[in-house]
Amino acid sequence: MKISTPLVAGLALALIGLLSTARAEVSPFRVRVEQVSKSDSEKHSKTQTRSLKIFVSNSSKESAELIAKYIIFGRDVKGNEVVKLDEGAKAVSSKPLGTEMAESAAVTSVSQEAHSTGSSKGGKGGGAKKTEASGTKILGYSVQVFQGEKMVAEAYDPLSMKEQVTKAYPAKKPEPKK
């Protein structure tokens, strides 16, 4: 089978034309996130505190008004579900060829591992008291940067948090003790 050169050249030009129209638009915005963490442990409990420093870089020569939406995720130690410990949005005025920083509020999470207290010596009646696991542990974050309704940059840690943005529910706040 013989194919003529003009036919092959025509097909190649058509494919190049299709590829150039199908390519995705590249955003001039980038996001980088630094986690500010603190952790305190006691015998059977752990307290974690975390906030996010969100750096938005603009590689274009035009300024832009952006919104950085963030979620800090945790894992319920009893049910093992992923929950939203905190979420919010920060306005970012991005200067041309510059980087701006926004910081989230600090989130504190307390978890207690399952354990037994007291003594089970001496037989009947026990004396050992079992305590079930409770609370949440900080798991990761999601940051999405929007220009109007359009998402222009995103960051997740770990990457699996991307699917949790729409799945996870807010964590239940502990009721105050009376």
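- R75 places a side-chain N or O within donor-acceptor distance of the main-chain N or O of N80, the cut-off being under 3.5 Å.
- Side-chain contact between L139 and K137: absent, with no pair of heavy atoms (C-beta onward) separated by less than 4.5 Å.
- Annotation: side chain of V82 is not in contact with side chain of K167 (no heavy-atom distance under 4.5 Å).
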Identify each donor-acceptor pair in which a side-chain atom of residues 151-159 lies under 3.5 Å from a protein atom, sequence neighbours left out, and give them as a table.
unit_1: E154; atom_1: OE1; unit_2: Y156; atom_2: OH; d: 2.5
unit_1: Y156; atom_1: OH; unit_2: Q144; atom_2: NE2; d: 3.0
unit_1: D157; atom_1: OD2; unit_2: Q35; atom_2: NE2; d: 3.0

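- In K46, the NZ atom is not crowded: 12 or fewer heavy atoms of neighbouring residues, nucleotides or ligands sit closer than 6.0 Å.
- If you take OG on S142 and CD on E163, they are separated by 11.5 Å, rounding to the nearest 0.5 Å.
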Could you tabulate the donor-acceptor pairs under 3.5 Å formed by side-chain atoms of residues 54-64, not counting sequence neighbours?
unit_1: S57; atom_1: OG; unit_2: T99; atom_2: OG1; d: 2.9
unit_1: N58; atom_1: OD1; unit_2: S60; atom_2: N; d: 2.8
unit_1: N58; atom_1: OD1; unit_2: S60; atom_2: OG; d: 2.8
unit_1: N58; atom_1: ND2; unit_2: E62; atom_2: O; d: 2.8
unit_1: N58; atom_1: ND2; unit_2: S94; atom_2: OG; d: 3.3
unit_1: N58; atom_1: ND2; unit_2: K95; atom_2: O; d: 3.4
unit_1: S59; atom_1: OG; unit_2: P28; atom_2: O; d: 2.9
unit_1: S60; atom_1: OG; unit_2: E62; atom_2: N; d: 3.3
unit_1: S60; atom_1: OG; unit_2: E62; atom_2: O; d: 3.1

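- Cation-pi contact between K69 and F146: present, with separation from the ring centre below 6.0 Å and deviation from the ring axis of at most 45°.
- Counting heavy atoms from C-beta on, the side chains of S93 and E100 never come closer than 4.5 Å.
- Between atom NZ of residue K43 and atom CD of residue Q112 there is a gap of 12.0 Å, rounded to the nearest 0.5 Å.
- Here E65 contributes atom CD and I67 contributes atom CD1; the two are 8.5 Å apart, rounded to the nearest 0.5 Å.
- Note: the hydrophobic cluster containing V107 also contains Y141 (ILVMFWY, side chain heavy atoms under 4.5 Å, direct or indirect links).
- Contact between Q164 and K84 at its shortest, heavy atoms only, is O-CE, 4.3 Å.
- By the criterion of side-chain heavy atoms lying less than 4.5 angstrom apart, applied directly or through intervening Ile, Leu, Val, Met, Phe, Trp or Tyr residues, F29 is grouped together with V33 in one hydrophobic cluster.
- Using a 4.5 Å cut-off on side-chain heavy atoms (C-beta onward), L52 and V143 make contact.
- Residues passing the salt bridge (charged side-chain N to carboxylate O under 4.0 Å, His left out) test with E103, sequence neighbours excluded: none.
- Separation of atoms OG1 (T136) and CD (Q48) is listed at 8.0 Å; rounding is to 0.5 Å.
- F73 and V145 fall into different hydrophobic clusters, where Ile, Leu, Val, Met, Phe, Trp and Tyr residues are linked whenever their side-chain heavy atoms come under 4.5 Å apart, directly or through other members.
- Of all non-hydrogen atoms in K90 and A102, the two that sit nearest each other are CB-CB, 3.9 Å.
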Could you go through the side-chain contact (heavy atoms from CB on, under 4.5 Å) check for S104 and D86 one step at a time? CA-CA 9 Å; S104 74; D86 188 35; 5.5 Å; no

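- The closest side-chain heavy-atom distance from E87 to Y70 is not below 4.5 Å.
- Atoms OG1 and CD1, on T49 and I138 in that order, are 6.5 Å from each other to the nearest 0.5 Å.
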